[in-house]
Undergrad: 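This is the structure I want to talk about, given as C-alpha cells.
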Amino acid sequence: MAVLKPDVDTSESAVVQLIKALRTYWFAVIPAVFILRFLYYKYSSPLRKYPGPFLASGSRAWKVWSTYSGHTELDHIALHERYGPIVRIAPTELSLASPNAAREVLAAGKGFHKTDFYGVFPPPENPDIFTETREAVHAVKKRYASNPYSMATMHQMASYIEDTEKMLASKFDKMCETQNQYCNLGDYLHYYAFDVLGEIAFSRKFGFLEAGYDIEGAIKTIDDMQWYDGIIGQIPEWDFAFRRNPVRKYLPGLDTKQFLITRMAVQEMDKRKKMGKQLERKDLLSQLFAAHDKAPDAFKEGDVFAVAHGAIFAGSDSTASTMQSMCHSVLRNPAIYAKLKQEIDEAAASGKLSEMPQWSEVQALPYFQACLKEAMRIRPAVGLNITRLVPPEGCEIDGTWFTGGTRVALNGWVLHRNELFGPDPKVYRPERWLEGDAKNMERFMFQFGGGSHLCIGKNLALLEMNKTLPLLFRDYEFELLRPEEDLKYHSTFFVVQEGLEVRISKRNKSG
Ligand code: HEM
C-alpha cells in the first residue's frame, strides 16, 4: 500500500507565488488596483446618478487639484454652468448651487455638521470655534465667546479701531506730500486689518502698518498655512503624513510657536496670567479670560488662547480681502466711484459724517452700503467650499433626497451668481441693492456662512469696514494703476488678493 506524504506546504507556496507574481507584474497590478478602486467608488455610491467631472466620480483627486490650482471657486462656477444645480465633486460629495438648498443646509438645528475638512486647520490639540467639528463642544465654546464679539462690545472697542484708522491715515497723508504718489492700497488694507485685530484681541498692534511691510513674512506664512489647510482638508487623513507627522517637530524652522502672531499671542497670555485681574483695558483676550473665570471647566484656558489666536487667522485675510474687493470694484467703475464720493461728500458737508465716521452715520449712506454688499456678493472672501455632512438618517434638501453621510459643499461664489440677484448676476452693479428686492436678496447672501456656524467676527468686520472705507473715500483720491486688469488672487481658504495698486492724493473734503 502506498503511503501518502504531504510533500509541500501548499498555503505557503500560494503566498510565495503571489508575492513572486506581484514582483514580476507590479507595473500592471498597481494601476489595476487603482482602477478597480476608482470603479468601486464611482459605481458603489448612491451618488453615481449625479453628473460631474469623470475624475471626481471615483476619487478625490479632482477636489485636491482644483484647490491646489487656487481657483476652485471658478471651477465650481464652471461645473454648475455645465452640469446643473447638483454636481458630484468627489465619490461621496456633491456641490449644490441652489441658494435655497444652502439656507436649508446652514440653518441652525438641522443636523448638518461640519466635516473633517475643518479638523486640519490648527490647532488640532485644542480646536477653536472654527476648527471644532464636535457640534456639542462647538456650541459650548461659541456660547462663551459670543458676548465678547457682540455688536455692543464691538462698539465699546471702536476707539481701538479708530486708533488704527488714524495710523493708516497718517501713512497715507505722508504719501500725499507728493502728488499722485504710488501706493499699494491692497497691502496697506491687509496691514490695517491685521493691526486692528491685534488691537481688538491683545491691545497691541502687530506693527505691520508702522513698518509698512509684512514683518517676518507673517502674513505670507498665514496664507501658505491656509493654502495647505485647504488642500489637505480635502484629504484630511494625509495630514498625518505632513503637519502631524511626529518627525516634523525635529525639523529646524518648523516650530510654529516662533511665528510672529503666535509668539505675540503667547506673550499676551503669559502677561495676563501674571497681571491677574488688573487689566488695563477690555479687549477680546481679557473678556475671554473673564468667561473662563466664570466657567473654568466648560471654557478652559486652552480655549481662551485658541479663540483669541484663531481670531487673527479667521479675521484678517477675510476683512482685508473684502475691503480690497470693494475698493477695486469701485475704482475701476468711474460712474460708481463718482456717485459714491458724491454721497459721502454730501453727508460730510451737512455734518452727517464725523471726522472718524461712526457706524450709525454710515448706515444712513445707502449707496455706500450697496457698494459694500455688492462686493461681498460678487467676490465673497471665502473662496473654498463650506462643507457639511447630511445627518445619518438622510434628509430632503430643496426637494431632493440625500442619503445620510453625503457631503454637501456650498460655495459663495456660485450661490451669489444666482439670478435671484437680477438678470446680470456676474456684473458688479451696486444699484441692484437699491432697486430690487433687497430684503429677499439679503436672505441669500452667504459671505458670513450661516446658522450655528455664522461667522462670529461678522460684527467686528462690518464695524471695521463701515468705519474705514468711507473715511478713505472721503479723504483720498485713488486712481488705479492698471484699471483694465482684474485683481490677481488665489483661494487658500480665503481669497488672497494682490495688485490693488493706485496713485493716491489728498482730497479736498468739500468735494
Ligand atoms: C469680512 C470679513 C469676514 C468674512 C467674509 C468671514 C467669513 C466667514 C465665513 C463664511 C464663515 C463660515 C465658515 C464655515 O462655516 O465653514 C466664518 C466663520 C468664522 N469666522 Fe469669519 N469672516 C470674516 C471676519 C471674521 C473676523 C473678523 C473674525 C474674528 C475676529 C472671524 C472669525 C470667524 C470664526 C471664529 C468662525 C467660525 C464660526 C463657527 O464655526 O461657529 N471672521 N467666517
Side-chain angles (χ1 to χ4, degrees), residues 73 102 105-108 112-121 127-135 137-146 148-151 153-154 157 160-161 189-190 192-194 196-202 226 229-230 233 261 283-285 287-288 303 306-326 372-373 375-377 379-389 408-413 415-416 445-466 468-469 491 493-495:
E73 72 299 325
V105 169
L106 294 177
F112 289 89
H113 293 179
K114 279 187 167 179
T115 62
D116 48 6
F117 164 80
Y118 295 88
V120 169
F121 287 73
D128 69 8
I129 294 168
F130 178 72
T131 59
E132 182 57 78
T133 53
R134 297 162 297 174
E135 286 297 314
V137 180
H138 166 268
V140 172
K141 290 185 185 176
K142 197 160 187 178
R143 194 168 68 241
Y144 286 104
S146 283
Y149 278 108
S150 70
M151 198 43 128
T153 312
M154 285 303 147
M157 295 201 257
Y160 313 150
I161 300 180
L189 290 174
H190 222 151
Y192 172 75
F194 268 92
V196 166
L197 272 169
E199 283 285 348
I200 295 284
F202 307 125
Q226 305 266 27
D229 297 333
I261 309 288
D283 57 14
L284 181 63
L285 191 58
Q287 293 181 70
L288 292 171
D303 296 326
V307 172
H309 184 242
I312 314 298
F313 284 72
S316 47
D317 276 346
S318 51
T319 311
S321 184
T322 307
M323 292 194 288
Q324 291 163 346
S325 292
M326 175 170 156
L372 181 56
K373 264 181 222 157
M376 295 195 280
R377 182 188 72 78
R379 237 173 145 86
V382 172
L384 262 55
N385 297 331
I386 290 179
T387 48
R388 298 288 186 267
L389 284 172
V408 282
L410 305 165
N411 190 297
W413 285 58
L415 300 167
H416 291 177
M445 289 282 283
F446 300 100
Q447 73 278 13
F448 289 112
S452 59
H453 291 284
L454 180 73
C455 172
I456 201 170
K458 178 182 170 189
N459 293 330
L460 169 59
L462 287 176
L463 182 63
E464 185 179 338
M465 296 189 293
N466 274 273
T468 312
L469 293 170
S491 296
F493 179 70
F494 297 115
V495 175

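The chain is numbered in sequence order, starting from 1. Start at 1 and go down the list; that is how both ligands and their atoms are numbered.
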Undergrad: If you count the atoms of ligand 1 from 1 in the order shown, which ones are under 4.0 Å from a heavy atom of Leu197?
TA: 30 (C)
Undergrad: Does Lys141 use its side chain to pair, donor to acceptor, with the backbone of Pro127 at less than 3.5 Å?
TA: yes
Undergrad: Record the part of Gln447 in heavy-atom contact with ligand 1 below 4.0 Å; permitted values are side chain, backbone, both and neither.
TA: backbone
Undergrad: Using heavy atoms and a threshold below 4.0 Å, how should the contact between Ser452 and ligand 1 be classified: side chain, backbone, both, or neither?
TA: backbone
Undergrad: With side-chain contact (heavy atoms from CB on, under 4.5 Å) as the test, would you mind laying out the steps for Phe117 and Leu384 before giving the verdict?
TA: CA-CA 11 Å; Phe117 164 80; Leu384 262 55; 4.1 Å; yes
Undergrad: Ignoring hydrogens and geometry, is there a side-chain-to-backbone donor-acceptor pair from Thr153 to Tyr149 under 3.5 Å?
TA: no
Undergrad: With backbone taken as N, CA, C and O and side chain as the heavy atoms from C-beta onward, which portion of Asp128 lies under 4.0 Å from ligand 1: side chain, backbone, both, or neither?
TA: neither
Undergrad: For atom 40 (O) of ligand 1, what is the closest protein heavy atom, and at what distance to 0.1 Å?
TA: His453 ND1, 2.7 Å
Undergrad: Classify the ring geometry between His138 and His453 as parallel (under 30°), tilted (30 to 60°) or perpendicular (over 60°).
TA: tilted
Undergrad: Pair Trp413, Asn385 - check side-chain contact (heavy atoms from CB on, under 4.5 Å), show working.
TA: CA-CA 9 Å; Trp413 285 58; Asn385 297 331; over 6 Å; no
Undergrad: Tell me which part of Lys141 gets within contact of ligand 1: side chain, backbone, both or neither, using heavy atoms under 4.0 Å.
TA: neither
Undergrad: Please state which protein non-hydrogen atom is closest to atom 1 (C) of ligand 1 and give its distance, to 0.1 Å?
TA: Thr322 OG1, 3.4 Å
Undergrad: Taking Phe130's backbone N and O only, do any of them form a donor-acceptor pair with Lys114's side chain (distance below 3.5 Å, no angle check)?
TA: yes
Undergrad: So, regarding Thr319 and ligand 1 (criterion: nitrogen or oxygen to nitrogen or oxygen, under 3.5 Å), is there a contact or not?
TA: no
Undergrad: For atom 15 (O) of ligand 1, grab the closest protein heavy atom and report residue, atom and distance to one decimal in Å.
TA: Arg388 NH2, 2.8 Å
Undergrad: For Leu197 and Ser316, work out which heavy atoms get closest and say how close.
TA: CD1-N, 3.3 Å
Undergrad: Identify, by atom number and element, the atoms of ligand 1 in contact range of Tyr118, meaning under 4.0 Å from any of its heavy atoms.
TA: 14 (C), 15 (O), 16 (O)
Undergrad: Counting from 1, what ligand 1 atoms have a heavy atom of His138 closer than 4.0 Å?
TA: 39 (C), 40 (O), 41 (O)
Undergrad: Would you find a donor on one side and an acceptor on the other, under 3.5 Å apart, between the side chain of Ser321 and the backbone of Val495?
TA: yes
Undergrad: For Ala381, take its heavy atoms, then give the atoms of ligand 1 lying under 4.0 Å from any of them.
TA: 5 (C)
Undergrad: Using only atom types and a distance under 3.5 Å, with no angle test, would you say the side chain of Asp283 pairs donor to acceptor with the backbone of Glu199?
TA: no
Undergrad: Check whether any N or O atom of Tyr149, backbone or side chain, sits under 3.5 Å from an N or O atom of ligand 1, and answer yes or no.
TA: no
Undergrad: For the residue pair Gln226 and Phe313, what are the closest heavy atoms and their distance?
TA: NE2-O, 3.5 Å
Undergrad: Yes or no on side-chain contact (heavy atoms from CB on, under 4.5 Å) for Leu106 and Phe446, after CA distance, side-chain angles and deciding distance?
TA: CA-CA 9 Å; Leu106 294 177; Phe446 300 100; 3.8 Å; yes
Undergrad: Tell me whether the count of non-hydrogen atoms from other residues, nucleotides or ligands lying under 6.0 Å of NZ in Lys142 goes above 12.
TA: yes
Undergrad: With atoms numbered from 1 as shown, which atoms in ligand 1 lie under 4.0 angstrom from a non-hydrogen atom of Lys114?
TA: 40 (O)
Undergrad: Which protein N, O or S atoms lie under 2.8 Å from atom 21 (Fe) of ligand 1?
TA: Cys455 SG
Undergrad: In ligand 1, which numbered atoms sit nearer than 4.0 Å to a non-hydrogen atom of Lys142?
TA: 38 (C), 39 (C), 41 (O)
Undergrad: Restricting to salt bridge (charged side-chain N to carboxylate O under 4.0 Å, His left out), what partner residues turn up for Asp128, sequence neighbours left out?
TA: none
Undergrad: For Met445 and His416: C-alpha separation, side-chain torsions, deciding distance, then whether side-chain contact (heavy atoms from CB on, under 4.5 Å) applies.
TA: CA-CA 7 Å; Met445 289 282 283; His416 291 177; 4.1 Å; yes
Undergrad: State the atoms of ligand 1, each with its element, that fall below the 4.0 Å cut-off from a heavy-atom position in Ile129.
TA: 38 (C), 39 (C), 40 (O), 41 (O)
